[in-house]
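Heads up: the structure comes next, in structure tokens.
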Amino acid sequence: TYLIGTALDVVTGTILIGYRAVLKIKNSTNIHAIRIANDADDITILGFDIDGNKANQTGGHGIVNGGTTSSRIRIEDCNIHDCHGDGISFNATTTEYALIQGNYSHDNGTVAVPGDGIGNRGGTLKNSSIVNNVCYENYRHNIGASTADHVTIADNICYNSLAFGDPGDHIISHGVNGTDIVVSGNVCRGGAGNGIHLGGTARLLITGNIVSGVTNTAIAVDESAVDVTVSGNVISTTTSLYGIWISGINRFTVSGNTINATNSHGIFCNSSSVNGSITGNSVNRSVAGDGIRVNDTTQTVISGNVVVGNNSAGIELGGASSGCSVIGNSCKDNANPFTESGTATNNVILGNDFVGNTSDAPTLVTGSTKWRNNVDDGTISFGLETYPLMSYGGYGFDGSTDYLDGNALTGVTDTKKGTFVWIGRFANAAGSIERLIDNTGTAFVVTREADGNILVQGENSAGTLILQFR
């Protein structure tokens with residue numbers, strides 16, 4: 001163990017190998033352990049154990065650079081802990097072509113002073129990789145690439161980020177204007193904040209990560225990011241918020257994710273997000289929210305998802321969502337399968353399996369949505385061989401008389417030939433007289449009589465009764 005009272009300075013071209021040497025900062029010296037000279041390039045730092053001795057300091061990072069531009073920095077196989085500031089901190093205006101690999105960075109920062117496991121403060125990290133590191137119990141973010149451009153953060157293990165001011169996230173690259181950020185294969189467990197939080201960047205890929213037990217949202221993307229893909233992640237147990245949160249994003253894909261036991265919505269998309277695809281996800285057991293909730297979102301397809309056991313709706317379109325398509329989803333064991341709320345308009349609900357929920361009847365905004373080929377216990381489906389099968393839920397009934405009127409059956413007339421099929425149920429108790437289909441604008445009347453028999457009557461275009469059977 002080497003007690004150091006001044007920083008170990010390294011300059012361009014230095015290769016520094018520790019062979020597991022311990023560098024411990026002396027009491028009350030408030031220094032960085034290893035300081036890369038301003039604008040230094042081609043630096044390699046390997047195999048040090050750095051003890052920041054933070055209980056006896058008022059400042060200092062473990063390893064830090066500075067200046068205007070610093071390039072080709074390699075930091076590998078170090079154990080950096082108990083620093084008053086960050087474990088590894090990039091402070092140059094631009095750090096590029098850095099490789100941060102195979103390090104342990106933990107227990108940095110304090111309740112009063114933030115300390116990231118690996119972070120960059122104010123500058124830009126470019127064309128760099130942060131891979132195969134273990135970061136835990138740092139007093140802010142475990143990995144914080146606050147401004148990043150062409151950066152890969154992959155195969156890291158992060159757990160128990162701690163709270164400094166705002167709760168710390170495991171991995172964050174947020175509020176920036178970079179491009180091409182890849183976050184893949186990381187494991188994030190526990191912690192006071194979000195699992196992965198990205199934003200303000202074009203071309204984001206978040207894939208193959210495992211996130212569990214976080215306090216806030218497992219994966220959050222916001223700040224007007226563009227061209228976002230969130231795919232193949234496994235998420236479980238968020239204490240207070242969402243599995244995946246998409247906010248104010250243009251062109252996004254959320255696909256193939258498995259989400260279990262979130263406190264609020266499994267997938268939540270809001271704040272004028274547009275041109276999205278939410279496909280092939282498995283969303284289960286949200287405690288106090290919907291499986292998939294889309295709010296104030298336009299031109300988004302929700303398809304092929306399996307949504308099970310959520311305590312609110314399986315899928316909900318809310319706010320001013322419009323131009324969205326809900327196609328081929330399976331929603332079971334939810335409080336209800338599908339809900340429209342707010343001022344949602346001009347959406348298409350097609351070919352979904354909505355049977356097997358506490359209440360199978362969907363909740364719809366009257367007149368706003370095209371409802372086709374869905375299966376649920378409160379649905380009437382109808383059509384002719386020259387028309388696609390069409391389905392209408394409870395909103396297709398006349399509100400005053402509880403029957404399906406001719407306006408909902410436009411196109412089904414005695415000028416069309418084919419087989420007419422309807423699947424439905426009467427709403428009132430047995431023993432009452434009740435119409436299921438009225439003949440306004442059609443040739444059919446379907447009535448349940450008081451004795452329980454079903455009376456079917458057909459008329460020609462002149463209104464003459466030509467068919468009647470029970």
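What you see below is based on every heavy atom in this structure, not just the backbone, and it leaves out hydrogens, waters and symmetry mates.
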Report the distance from atom CG of N357 to atom NZ of K332, rounding to the nearest 0.5 Å. 7.5 Å

Apply side-chain hydrogen bond (donor to acceptor under 3.5 Å, both in side chains) to the pair N138 and D116, showing each step before the final yes or no. CA-CA 6 Å; N138 296 289; D116 295 346; over 6 Å; no

Can you tell me how far apart OG (S173) and CD1 (I153) are? Round to the nearest 0.5 Å. 6.0 Å

Using side-chain heavy atoms (C-beta onward) and a distance below 4.5 Å, is F90 in contact with I100? yes

Hey, is the main chain of Y242 close enough, under 3.5 Å, to the side chain of H265 for a donor-acceptor pair? no

Sole candidate of I315, T345, N347, T363 that passes side-chain contact (heavy atoms from CB on, under 4.5 Å) when paired with E340: N347

Are the side chain of N352 and the backbone N or O of V326 linked by a donor-acceptor pair below 3.5 Å? yes

Least distance between heavy atoms, C83 atom then D86 atom: CB-O, 3.7 Å

Do any N or O atoms from the side chain of S277 and from the backbone of T253 form a donor-acceptor pair under 3.5 angstrom? no

I267/I278 under side-chain contact (heavy atoms from CB on, under 4.5 Å): CA gap, chis, key distance, verdict: CA-CA 9 Å; I267 298 172; I278 302 173; 4.0 Å; yes

If you measure from CZ on F252 to CD1 on I244, what distance do you get to the nearest 0.5 Å? 11.0 Å

Taking C-beta and beyond as the side chain, do S341 and E316 meet within less than 4.5 Å on heavy atoms? yes

Closest non-hydrogen atom pair between E96 and S128, with its separation: C-OG, 3.9 Å

Walk me through it: do N209 and V183 pass the test side-chain contact (heavy atoms from CB on, under 4.5 Å)? CA-CA 8 Å; N209 302 283; V183 178; 4.0 Å; yes

If I take atom NE2 from residue H141 and atom CG from residue L162, how far apart are they, to the nearest 0.5 angstrom? 12.0 Å

Of D49, I50, D51, N103, the one forming a side-chain contact (heavy atoms from CB on, under 4.5 Å) with N79 is D49

Any side-chain to backbone donor/acceptor pair from T297 onto V294? Under 3.5 Å, distance only. no

Atom pair CZ (F268) and OG (S273), whose distance is rounded to the nearest 0.5 Å: 9.5 Å

Is the shortest distance from a Lys or Arg side-chain nitrogen in D227 or R203 to a carboxylate oxygen in the other one below 4.0 Å? no

For I63 and I80, run side-chain contact (heavy atoms from CB on, under 4.5 Å): C-alpha distance rounded to whole Å, both residues' side-chain angles, the deciding distance at 0.1 Å, then the answer. CA-CA 8 Å; I63 301 173; I80 307 166; 3.8 Å; yes

Okay, side chain of N310, backbone of A313: is any donor-acceptor separation there less than 3.5 Å? no

Under a 3.5 Å cutoff, is there a donor and acceptor pairing between the side chains of T237 and S212? no

Within a strict 4.5 Å, meaning less than it, do heavy atoms of the N336 and T339 side chains meet? yes

Would you say the side chains of D290 and S312 form a donor-acceptor pair under 3.5 Å? yes

Counting distance only, does the side-chain N/O of D107 pair as donor-acceptor with the main-chain N or O of D82 below 3.5 Å? no

Can you check whether I219 reaches I235 side chain to side chain, under 4.5 Å on heavy atoms? yes

Short side-chain to backbone donor-acceptor contact, D333 and V308, under 3.5 Å: no

Beyond-backbone contact of I259 with S282, side-chain heavy atoms, under 4.5 angstrom: no

So which atom in K54 and which in H84 form the shortest heavy-atom distance, rounded to 0.1 Å? CB-N, 3.7 Å

Would you say N65's side chain and N91's backbone share a donor-acceptor pair under 3.5 angstrom? yes

What are the two closest heavy atoms between G289 and S286, and how far apart are they? O-OG, 2.6 Å

For the atom pair CG (N260) and OG (S236), what is the distance rounded to the nearest 0.5 Å? 6.5 Å

Is any side-chain heavy atom of Y159 less than 4.5 Å from a side-chain heavy atom of N142? no

Consider only side-chain N and O atoms of N295 and N270, and report whether a donor and an acceptor are under 3.5 Å apart. no

Indicate whether any N or O donor in one side chain lies under 3.5 Å from an N or O acceptor in the other, for S129 and Q101. no

State, yes or no, whether a side-chain contact exists between N334 and V307 at a heavy-atom distance under 4.5 Å. yes

With side-chain contact (heavy atoms from CB on, under 4.5 Å) as the test, pick out the partner of I206 among N257, T229, I196. I196

Does N156 reach the main-chain N or O of I130 with its side chain, forming a donor-acceptor pair under 3.5 Å? yes

side-chain hydrogen bond (donor to acceptor under 3.5 Å, both in side chains) between S255 and T279: does it pass, once the steps are laid out? CA-CA 5 Å; S255 66; T279 62; 4.7 Å; no

Residue pair I88 / S105: nearest heavy atoms and the distance that separates them: N-OG, 4.4 Å

Do L99 and V131 come close enough that some side-chain heavy atom pair is under 4.5 Å? yes

Donor-acceptor pair between N305 and S303 side chains, under 3.5 angstrom: no

Full working for side-chain contact (heavy atoms from CB on, under 4.5 Å) between D169 and I171: CA-CA 6 Å; D169 298 332; I171 298 171; over 6 Å; no

Least distance between heavy atoms, V254 atom then I246 atom: CG2-CG1, 4.0 Å

Between H81 and H106, how do the two ring planes meet: parallel, tilted or perpendicular, split at 30° and 60°? parallel

Does T343 reach the main-chain N or O of G319 with its side chain, forming a donor-acceptor pair under 3.5 Å? yes

